[in-house]
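Because the structure is predicted, anything quoted here is derived from the model rather than measured. Numbers restart at 1 for each chain; the letters A, B, ... are given by sequence-line order, proteins then strands.
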Amino acid sequence: DAGVIQSPRHEVTEMGQEVTLRCKPISGHDYLFWYRQTMMRGLELLIYFNNNVPIDDSGMPEDRFSAKMPNASFSTLKIQPSEPRDSAVYFCASSAQSFYGYTFGSGTRLTVV
Amino acid sequence: AQSVTQPDIHITVSEGASLELRCNYSYGATPYLFWYVQSPGQGLQLLLKYFSGDTLVQGIKGFEAEFKRSQSSFNLRKPSVHWSDAAEYFCAVGRSYNTDKLIFGTGTRLQVFP
């Protein structure tokens with residue numbers, strides 16, 4: 001299995017632009033999680049899905065952030081418009097059942113200038 | 001609400017020395033506990049986990065952790081550290097009745113000197 005695949009690995013964009021981050025979970029995993037990691041705030045859970053349905057989006061910072069999971073093999077996290085304070089590493093993780101532990105992707109490093 | 005505390009932000013050890021990374025959790029019932037490791041530029045990798053049973057659990061890369069209910073702790077240990085163990089280590093806790101969402105600690109950065 002190729003693991004959790006995230007794209008792109010790096011993204012540099014100008015303030016105000018739309019950014020879309022992508023994630024392909026491990027086949028057969030029912031849970032998908034989006035995390036953001038910064039030096040100041042550590043690892044923050046943004047949103048998670050179970051069987052493609054958003055379960056908890058209380059960590060999404062504001063309306064500029066949205067996430068979708070149109071099918072079991074693909075999810076997107078979109079920021080529109082982007083701001084410099086959105087600069088962070090965004091991780092996607094998936095799990096068969098969360099008490100087995102998550103498998104994380106390699107992350108997308110986002111820089112908004 | 002459950003929470004996780006990793007009191008040590010940064011630890012430095014010499015290669016070959018023993019290691020203990022501290023983790024304290026706050027949760028009323030029996031938690032599910034995890035340790036993850038993150039190498040630079042990489043995602044988090046699961047080292048080990050505790051659900052129930054034997055309070056000493058073995059993980060990958062020679063790591064082990066001990067669950068101590070009386071101290072609300074789940075400390076990570078390794079008898080002899082290798083230079084390749086330099087990384088950031090995260091403790092995480094999930095609720096025993098609903099572990100959909102794990103709560104992560106702030107991490108401990110391990111530096112290894114030759």
Give the minimum heavy-atom separation between B:Leu102 and A:Tyr102, together with the two atoms involved.
N-OH, 2.9 Å
More than 12 heavy atoms from other groups under 6.0 Å of CD1 on B:Ile9
no
By a 4.5 Å heavy-atom criterion (distance strictly below it), what part of B:Gln45 contacts chain A: side chain, backbone, both, or neither?
neither
So if you build clusters from Ile, Leu, Val, Met, Phe, Trp, Tyr with side-chain heavy-atom gaps below 4.5 Å, do B:Ile103 and B:Leu33 land together?
yes
By a 4.5 Å heavy-atom criterion (distance strictly below it), what part of A:Asn50 contacts chain B: side chain, backbone, both, or neither?
neither
Test of understanding: clusters of I, L, V, M, F, W, Y form through side-chain heavy atoms closer than 4.5 Å, transitively. Do A:Val4 and A:Leu46 belong to the same one?
no
Per-residue contact mode, A:Gln37 against chain B (heavy atom under 4.5 angstrom)
side chain
Tell me, yes or no, whether the heavy-atom count around A:Asn71 atom CG, taken from other residues, nucleotides or ligands under 6.0 Å, exceeds 12.
yes
Are A:Phe65 and A:Ile55 linked, directly or through other ILVMFWY residues, by side chains that come within less than 4.5 angstrom of each other?
no
Give the cluster check for B:Val81 versus B:Leu21: same hydrophobic cluster or not, with ILVMFWY residues linked at side-chain heavy-atom distances below 4.5 Å.
yes
Below 4.5 Å, heavy atoms only, C-beta onward: do B:Thr106 and A:Leu43 meet side chain to side chain?
no
For residues 103-113 of chain A, give me every residue with a non-hydrogen atom less than 4.5 Å from any non-hydrogen atom of chain B.
A:Phe104, A:Gly105, A:Ser106
Count the heavy atoms of every other residue, nucleotide or ligand shown that sit under 6.0 Å from NZ of B:Lys78, and state whether that count exceeds 12.
yes
Do any pairs count as a side-chain hydrogen bond (donor to acceptor under 3.5 Å, both in side chains) and have a residue in residues 2-14 of chain A, sequence neighbours left out, and if so which ones?
none
